[in-house]
Amino acid sequence: MAEHATSIFAEMSKLSHDVGAINLGQGFPDVDGPTVLKDEAIAAILDGRGNQYPPANGIMPLREAIASHQQRLYGIALDPLTDVVVTTGASEALVSAIMALVDDGDEVVVFEPWFDIYTAAISMARGVRISVPMAGPSLRPDIEALRAAMGPRTRLILLNSPHNPTGVVFTREELTAIAAIAIEHDCLVLSDEAYEQLWFDDHRHIPISTLPGMFERTITVGSGGKSFSFTGWKVGWATGPTDLIGAVRVVRQHLSFVSGGPFQWAMALGLVLPDEHFARFRHELTEQRDLLAAGLRSIGLRVLDTEGTYFITSDVRPLGYPDGLAFCRDIPTRARVVAIPHQGLCDDPDIGGPYVRWAFCKKPEVLNEAISRLQRGFGG
Ligand SMILES: *Cc1c(COP(=O)(O)O)cnc(C)c1O
């Protein structure tokens with residue numbers, strides 16, 4: 001595991017702390033989620049709901065809420081008894097699925113840049129990671145490279161849409177092409193949909209499991225932390241066909257076993273909030289996205305379209321930097337702002353190259369202060 005010991009997030013957070021920077025590297029909101037969820041978590045603790053080990057696969061009201069949410073938004077039919085497992089965040093769902101499905105030497109195809117937990121989990125399972133780039137000027141999934149990456153040992157395609165760090169939401173056409181490749185090679189798909197609620201404009205999130213022939217080969221992962229702005233509660237879930245979820249449950253049972261009892265009650269309430277709640281959440285984030293994008297453009301960066309997630313990607317070349325890593329190492333002292341270079345999330349430094357990730361899930365006053373600092377640092 002030595003190669004996974006350090007992370008770009010640790011390096012940049014240390015820099016941020018050393019100079020008192022505004023940390024737009026870290027992807028968590030600085031405003032908590034709905035008060036009704038906090039009240040429910042407190043009530044659950046006081047009433048003694050979930051203070052002792054909750055049921056192994058999650059409390060039934062939460063499993064039912066997850067199933068009805070998938071039905072209501074996407075038309076996916078799930079049996080909460082067998083097709084859902086509650087986990088310690090999306091993270092544990094991902095690790096459990098990879099440990100359950102990947103054997104020594106099996107190949108896992110993953111789009112690069114990736115979320116760093118994927119690569120560590122693939123190593124834990126002794127799998128082999130095969131990276132496929134997000135490519136071109138808009139960093140879309142490279143379908144031809146995916147086709148070329150498939151082989152007899154390919155076990156799993158690991159998808160993430162809305163995609164961290166690029167902010168790309170995979171289109172129906174892209175997902176259809178990926179689905180055809182998965183079916184042709186008879187491999188499984190692990191779909192990390194941690195940002196399923198965080199899509200903007202008309203870039204509506206489509207779960208790949210809704211495409212023909214895909215439900216039976218897909219494990220879908222959700223994150224209560226990301227969906228409800230309570231990242232510290234670490235409630236997540238995996239859903240899918242009974243056999244695949246059964247395999248995930250076995251591993252999960254021997255990792256954390258259970259967690260977050262009272263928070264599970266709160267998440268059950270969150271998932272049945274009306275559509276207007278989610279629309280308002282998206283609207284607020286859209287405004288924060290637009291604020292930060294305009295600020296980044298004002299100092300001369302090229303800003304890519306952000307279709308989903310908490311993150312804007314910019315290209316630093318117009319400011320004369322050789323690459324994103326050099327830029328991110330310089331701006332803490334130059335402007336007292338911190339961001340994350342895509343290179344820290346890639347096998348091939350050329351793929352991350354000039355790109356930098358900025359989190360906009362912050363209060364407007366924080367974003368405005370970061371923008372002023374950047375403008376001063378870059379002489380604007
Ligand atoms: C944050 C994140 C996760 C982990 O979610 P938790 O619920 O906090 O464990 C998984 N995948 C992606 C892409 C993320 O950004």
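Along the sequence shown, the residues carry numbers beginning at 1. For ligands, and for the atoms within them, numbers begin at 1 and follow the listed sequence.
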Only pairs under 3.5 Å count here: list side-chain donor-acceptor contacts from residues 15-27, not counting sequence neighbours, and write none if there are none.
unit_1, atom_1, unit_2, atom_2, d
D18, OD2, K14, NZ, 2.8
N23, OD1, G25, N, 2.8
N23, OD1, Q26, N, 3.4
N23, ND2, Q26, OE1, 3.3
Q26, NE2, S13, OG, 3.4

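- Residues R329 and E11 are paired through a salt bridge, judged by an N-O separation under 4.0 Å between the basic side chain and the carboxylate.
- Among protein residues, G89, A90, S91, L94, F115, Y118, N160, N164, D192, A194, Y195, S223, K226, K234 come within 4.0 Å of ligand 1, judged on heavy atoms.
- Counting heavy atoms from C-beta outward, V86 and R63 have side chains that approach closer than 4.5 Å.
- Ring geometry for F257 versus Y53: interplanar angle over 60°, hence perpendicular rather than tilted (30 to 60°).
- To the nearest 0.5 Å, atoms OG1 (T87) and CZ (R249) are separated by 12.0 Å.
- Residues R140 and E173 are not paired through a salt bridge, judged by the lack of any N-O separation under 4.0 Å between the basic side chain and the carboxylate.
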